[in-house]
Enquirer: 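The structure's right below; bear with me while I get my questions together.
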Amino acid sequence: MQYWLIKSDPDTWDWKDQVKVGTKGTSWDGVRNYQARNNMVVMKKGDYCLFYHSQSDPGVQGVVKVIKEAYRDHTADDDDRWKMVDVAVVKAFKKPVSLKEIKSKSGLKNMGLLKQGRLSVNPVTEKEFSIILELGGIKL
DNA sequence: GCCAACGTTGGC
DNA sequence: GCCAACGTTGGC
């Protein structure tokens, strides 16, 4: 089992949209970065991902899981390089965990999110994952 | 809207 | 293969 953090610009796709599609989930398309793609390719069905809003009021909104492993991103025209996975909602946080909180928590100082702010798909350790769930006020 | 960080492109 | 120019992301 691996843990991840995936970012979405809420103007394009936000947590509410994700909740709306429910257990059917949605394809996480549009990723055009090699590192992010490489991370998606190694995702396994059932892996948990923290759903993160970038831009205005950045923070983790809840937990989703991988329901379909990497396959060709159909939004990439005839460019075969790009992949996507499908994710579905697991649970919403009682309270979103802001970037500020993440920065101020000592156990989270080494998160990929902080080290490489621009990468939209980041690996998260089990420990980091559990700290963030706690901050979000939920248990799985 | 600005800017830093980083990725990508293209000329050589 | 190097590097400058340019584009994009994301925090503030």
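Quick note on labels: first sequence line is chain A, next is B, and so on, each numbered from 1.
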Enquirer: Is A/Lys100 touching bases, backbone alone, or none of the nucleic acid, heavy atoms closer than 4.0 Å?
Expert: nothing
Enquirer: How many whole angstroms separate atom CG of A/Leu119 from atom C1' of C/dG11?
Expert: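 Rounding to the nearest Å, CG of A/Leu119 and C1' of C/dG11 are 16 Å apart.
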Enquirer: If the condition is ring-ring contact (aromatic ring centres under 6.0 Å, His included), which residues does A/Tyr52 pass it with, not counting sequence neighbours?
Expert: none
Enquirer: Can you tell me if A/Gln35 and A/Gln116 form a side-chain donor-acceptor pair at under 3.5 Å?
Expert: yes
Enquirer: Please identify each residue that fulfils ring-ring contact (aromatic ring centres under 6.0 Å, His included) with A/Tyr34, with sequence neighbours left out.
Expert: A/Trp82
Enquirer: With the criterion being N/O to N/O and under 3.5 Å, what pairs connect the protein with nucleotides 2-9 of chain B, and how long is each?
Expert:
{"from": "B/dA5", "atom 1": "N3", "to": "A/Arg118", "atom 2": "NH1", "distance (Å)": "3.0"}
{"from": "B/dC6", "atom 1": "O2", "to": "A/Arg118", "atom 2": "NH1", "distance (Å)": "2.3"}
{"from": "B/dG7", "atom 1": "OP1", "to": "A/Gln35", "atom 2": "OE1", "distance (Å)": "3.2"}
{"from": "B/dG7", "atom 1": "OP1", "to": "A/Gln116", "atom 2": "NE2", "distance (Å)": "3.0"}

Enquirer: Between A/Arg81 and A/Asp79 (salt bridge meaning N to carboxylate O under 4.0 Å), is one present in this structure?
Expert: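 Looking at A/Arg81 and A/Asp79, the cut-off is met.
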Enquirer: Taking the ring of A/Trp28 and the ring of A/Phe51, is the distance between their centroids below 6.0 Å?
Expert: yes
Enquirer: Which ones in residues 7-17 of chain A lie close to DNA chain B, meaning a heavy atom under 4.0 Å from one of its atoms?
Expert: none
Enquirer: Evaluate the criterion side chain to side chain contact (heavy atoms under 4.5 Å, CB included) for residue pair A/Val97 and A/Leu133; output intermediate values, then yes/no.
Expert: CA-CA 9 Å; A/Val97 178; A/Leu133 280 204; over 6 Å; no
Enquirer: Quick one: side chains of residues 89-96 of chain A, donor-acceptor pairs under 3.5 Å with protein atoms, not counting sequence neighbours, listed by atom name and distance.
Expert:
{"from": "A/Lys91", "atom 1": "NZ", "to": "A/Lys139", "atom 2": "O", "distance (Å)": "2.8"}
{"from": "A/Lys94", "atom 1": "NZ", "to": "A/Gly137", "atom 2": "O", "distance (Å)": "3.3"}
{"from": "A/Lys95", "atom 1": "NZ", "to": "A/Glu101", "atom 2": "OE2", "distance (Å)": "3.3"}

Enquirer: Which residue pairs pass the salt bridge (Lys or Arg N to Asp or Glu O under 4.0 Å) test when at least one of the two sits in residues 119-134 of chain A, sequence neighbours left out?
Expert: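 Every pair satisfying salt bridge (Lys or Arg N to Asp or Glu O under 4.0 Å) with a residue in residues 119-134 of chain A: there are none.
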